[in-house]
S.K.: 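Following this message is one structure expressed as structure tokens.
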Amino acid sequence: MAVTETLLRVRDYDLAATLDSGQAFRWRRTDNTWQGVVGCHFVRLTPAADGIHAAVAAPVESWDWLRYFLQADTDLGAILKTFPDDAPMRAAVAACPGLRLLRQDPWECLASFLLSATKQIVQIRQIVAHLCERFGEPMQHDFAFPTPHRLAAASEAELRACKMGFRAPSLLQAARRISNGQLDLERLRTLDYAAARAELMTLRGVGGKIADCVLLFAYGFDTAFPVDVWVERALQELYFPHRRASAKRLRHFAATHFGPHAGYAQQYLFHYMRTKIK
DNA sequence: TACCAGGAGAGCG
DNA sequence: CGCTCTCATGGT
């Protein structure tokens, strides 16, 4: 029977930290409720005593799409046990013990992070909002994320009007290559981490950092470890406090120190670093 | 006002 | 490799 609300039973889930941690850019909070769009669903999420309460605008037969997006069935405790037992990781976990990784749509994730270069998170949200309003399919309460096909038909000037500046040609090329079949985002699921990463990096504007974000947040390659300015700062200050470590050394350290779920560790360090400053 | 933001890519020694 | 510069745009 189709329904419009449910209770997702899940433990150890900090909804606010997760939706506001720079993984996804379309979630807005009003009071204690978060609203956003997952695929073709407009959904409101509210933390509850024994899980997360969810309500959608249009009735659904199944909630699998939401459990997948939130990764509600992931055993977070088992992942945290694989982290290195050192002071920085203990502090980062203690600061936000319910922080999770989402599992997003690859195209939306790729497009969003293509727009993220040297932008603050609040501005990335604004650009993505413009993009959805102008090119996304209208739906109840909001807009769907625009398809590659729709953006491929847009002009660079139209994209620039969404305030994305020099990132517009990159987004346009990505939309076109995906729309015409040159790049198959679904096929990347069948590849290993290195091969999928190399393929993403053939796109203009996609370097190692953005590729790793997509591999981690959309495909679930848990060894992907995006190194941005915040994470670089965290690694430098927390693990190499007395000597300056080169970028290459930091990358090697990241690839060897954090274990099979390094990407989760990265998210904890990122969140720890960002909230510690403010 | 001047500076900087979840980077990437090109040019240079 | 390692460094520097540039690319738009908005916020502080």
Side-chain angles (χ1 to χ4, degrees), chain A residues 17-27 92 96 99-102 104 106 108-131 133-134 154-175 177 183 197-219 221 224-238 240 243-255 258 262-278:
Chain A
T18 299
L19 295 178
D20 196 32
S21 64
Q23 302 177 58
F25 303 98
R26 298 198 63 192
W27 292 88
C96 191
L99 181 63
R100 299 278 191 140
L101 288 182
L102 302 167
Q104 302 177 54
E108 177 170 342
C109 191
L110 171 61
S112 298
F113 278 96
L114 258 176
L115 303 174
S116 74
T118 58
K119 278 292 180 190
Q120 300 182 72
I121 291 176
V122 58
Q123 295 175 343
I124 302 169
R125 289 201 188 101
Q126 288 176 359
I127 298 171
V128 170
H130 282 305
L131 201 60
E133 287 169 17
R134 299 184 190 188
S155 69
E156 185 181 319
E158 286 178 304
L159 295 182
R160 283 179 182 271
C162 296
K163 311 303 179 186
M164 66 184 71
F166 62 85
R167 304 155 193 85
S170 300
L171 181 63
L172 192 54
Q173 188 219 42
R177 284 188 53 188
L183 178 61
R197 189 174 195 263
E199 186 129 344
L200 283 174
M201 287 178 66
T202 63
L203 291 169
R204 179 198 327 193
V206 179
K209 189 270 173 180
I210 290 176
D212 279 336
C213 284
V214 178
L215 293 169
L216 183 63
F217 301 141
Y219 290 96
F221 284 103
F225 194 99
V227 178
D228 63 21
V229 290
W230 288 98
V231 173
E232 183 175 337
R233 205 173 300 161
L235 294 177
Q236 181 69 55
E237 290 182 13
L238 298 174
F240 302 90
R243 57 199 164 98
R244 174 107 173 77
S246 70
K248 182 182 178 181
R249 171 141 186 79
L250 290 180
R251 281 200 305 275
H252 178 260
F253 177 77
F258 294 100
Y264 274 86
Q266 174 273 159
Q267 197 64 15
Y268 276 86
L269 290 173
F270 176 73
H271 188 270
Y272 180 52
M273 207 63 189
R274 259 207 334 142
T275 53
K276 200 169 61 147
I277 304 285
K278 290 178 180 176

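Chain naming here is simple, since letters A, B, ... match the order of the sequence lines and numbering starts at 1 in each. No hydrogens, no waters, no symmetry mates; every other heavy atom, side chains included, goes into these values.
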S.K.: Picking from C/dC1, B/dA8, B/dA5, which would you name as closest to the side chain of A/I210?
M.R.: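 Looking only at heavy atoms from C-beta outward on A/I210, the closest nucleotide is B/dA8.
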S.K.: Within the 4.0 Å heavy-atom criterion, would you say A/Q266 contacts the bases, only the backbone, or no part of the nucleic acid?
M.R.: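 If one applies the 4.0 Å heavy-atom cut-off, A/Q266 turns out to touch a base.
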S.K.: Please list, one pair per line, the donor and acceptor atoms closer than 3.5 Å that link side chains of residues 199-216 of chain A to other protein atoms, with sequence neighbours excluded.
M.R.:
from, atom 1, to, atom 2, distance (Å)
A/E199, OE1, A/R187, NH2, 2.9
A/E199, OE2, A/R187, NH2, 2.8
A/T202, OG1, A/R177, NH2, 3.4
A/T202, OG1, A/E199, O, 2.6
A/D212, OD1, A/Y193, OH, 2.6
A/D212, OD1, A/R197, NE, 3.0
A/D212, OD2, A/R197, NH2, 3.2

S.K.: For atom P, what is the distance between C/dA8 and B/dA10, given to the nearest Å?
M.R.: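 That atom pair is separated by 15 Å.
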S.K.: Roughly how far apart are A/M164 CE and A/L114 CG, rounded to 0.5 Å?
M.R.: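 Rounded to the nearest 0.5 Å, the CE-CG separation comes out at 9.5 Å.
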S.K.: In whole angstrom, what separates A/I124's CD1 from C/dT9's C1'?
M.R.: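 Answer to the nearest Å: 13 Å.
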S.K.: Report the distance from atom CG of A/L115 to atom C1' of B/dA8, rounded to the nearest whole Å.
M.R.: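 A/L115 atom CG is separated from B/dA8 atom C1' by 14 Å.
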S.K.: Judged by each residue's nearest nucleotide on DNA chain B, which is more toward the 5′ side, A/G207 or A/Q123?
M.R.: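 So the residue in question is A/Q123.
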S.K.: Between A/Q267 and A/L203, just flag the one whose closest nucleotide in DNA chain B comes earlier from the 5' side.
M.R.: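 Result: A/Q267.
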S.K.: Using the six-membered ring wherever Trp is involved, compare the ring planes of A/F258 and A/F225 and label them parallel, tilted or perpendicular (cut-offs 30° and 60°).
M.R.: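 Judged by the thresholds at 30° and 60°, the geometry between A/F258 and A/F225 is parallel.
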S.K.: From the options C/dG10, B/dA5, B/dG7, select the nucleotide whose nearest atom is closest to the side chain of A/R233.
M.R.: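 In terms of side-chain proximity for A/R233, the closest of C/dG10, B/dA5, B/dG7 is B/dA5.
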S.K.: Who passes side-chain hydrogen bond (donor to acceptor under 3.5 Å, both in side chains) against A/Q267, sequence neighbours left out?
M.R.: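 Partners of A/Q267 by the side-chain hydrogen bond (donor to acceptor under 3.5 Å, both in side chains) criterion, ordered by chain and then number, come out as A/S21.
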S.K.: Quickly work out the A/E156 CD to C/dT9 P distance and round it to whole Å.
M.R.: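 Roughly 11 Å, once rounded to whole Å.
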S.K.: Suppose we screen for salt bridge (charged side-chain N to carboxylate O under 4.0 Å, His left out). Which residues come up paired with A/R251, at least two apart in sequence or across chains?
M.R.: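 For A/R251, no residue satisfies salt bridge (charged side-chain N to carboxylate O under 4.0 Å, His left out) once neighbours in sequence are set aside.
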S.K.: Just the rounded figure in Å: distance from P of C/dG2 to CD of A/E232.
M.R.: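 Taking CD of A/E232 and P of C/dG2, I get 12 Å after rounding.
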S.K.: Take atom CD1 of A/I121 and atom P of C/dG11, then tell me their distance rounded to the nearest Å.
M.R.: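 Checked: the CD1 to P distance equals 16 Å.
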S.K.: Let's see if you can work this out: which of C/dG11, C/dG2, C/dT9 has an atom nearest to the side-chain heavy atoms of A/K248?
M.R.: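 Nearest to the side chain of A/K248 among the choices is C/dG2.
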S.K.: With sequence neighbours excluded, tell me which residues meet salt bridge (charged side-chain N to carboxylate O under 4.0 Å, His left out) with A/E133.
M.R.: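 None.
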S.K.: Take the protein atom NZ of A/K209 and the nucleotide atom P of B/dG9, then report the distance between them rounded to whole Å.
M.R.: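 So the NZ-P distance, A/K209 to B/dG9, works out to 13 Å.
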S.K.: For A/V231, answer base if it contacts any base atom (sugar-phosphate contacts may also be present), sugar-phosphate if it contacts only those atoms, and nothing otherwise; contact means non-hydrogen atoms under 4.0 Å.
M.R.: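 Counting heavy atoms under 4.0 Å across all strands, the contact made by A/V231 includes a base.
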S.K.: Produce the list of close N/O pairs, under 3.5 Å, pairing protein atoms with atoms of nucleotides 4-8 of chain C; give distances to one decimal.
M.R.:
from, atom 1, to, atom 2, distance (Å)
C/dA8, O4', A/F166, N, 3.4

S.K.: Taking only the side-chain heavy atoms of A/V229 (C-beta and beyond), determine which of C/dG11, B/dA5, B/dG7 contains the nearest atom.
M.R.: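 Nearest listed nucleotide: B/dG7.
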S.K.: Remember a base hit wins even if backbone is also touched, and classify A/G205 as base, sugar-phosphate or nothing at under 4.0 Å, heavy atoms.
M.R.: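 The answer is sugar-phosphate, as A/G205 gets under 4.0 Å only of primed atoms, P, OP1 or OP2.
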S.K.: Rounded to the nearest 0.5 Å, what's the gap from CZ on A/R244 to CZ on A/R249? Could you check?
M.R.: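 Here the rounded value is 13.0 Å.
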S.K.: How is A/S112 classified with respect to the nucleic acid when contacts are heavy atoms under 4.0 Å: base, sugar-phosphate, or nothing?
M.R.: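 It contacts nothing in the nucleic acid.
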S.K.: If you look only at distance, which donor and acceptor atoms sit under 3.5 Å apart when one is on a side chain in residues 116-126 of chain A and the other is two or more places apart or in another chain?
M.R.:
from, atom 1, to, atom 2, distance (Å)
A/S116, OG, A/F113, O, 2.7
A/T118, OG1, A/R167, NH2, 3.2
A/R125, NH2, A/D20, OD1, 2.6

S.K.: Report the distance from atom CZ of A/R249 to atom C1' of C/dG2, rounded to the nearest whole Å.
M.R.: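 Rounded to whole Å, this separation is 17 Å.
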S.K.: What is the separation between atom CD on A/Q173 and atom C1' on B/dG9, rounded to the nearest whole Å?
M.R.: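 Rounded to the whole Å, the gap is 13 Å.
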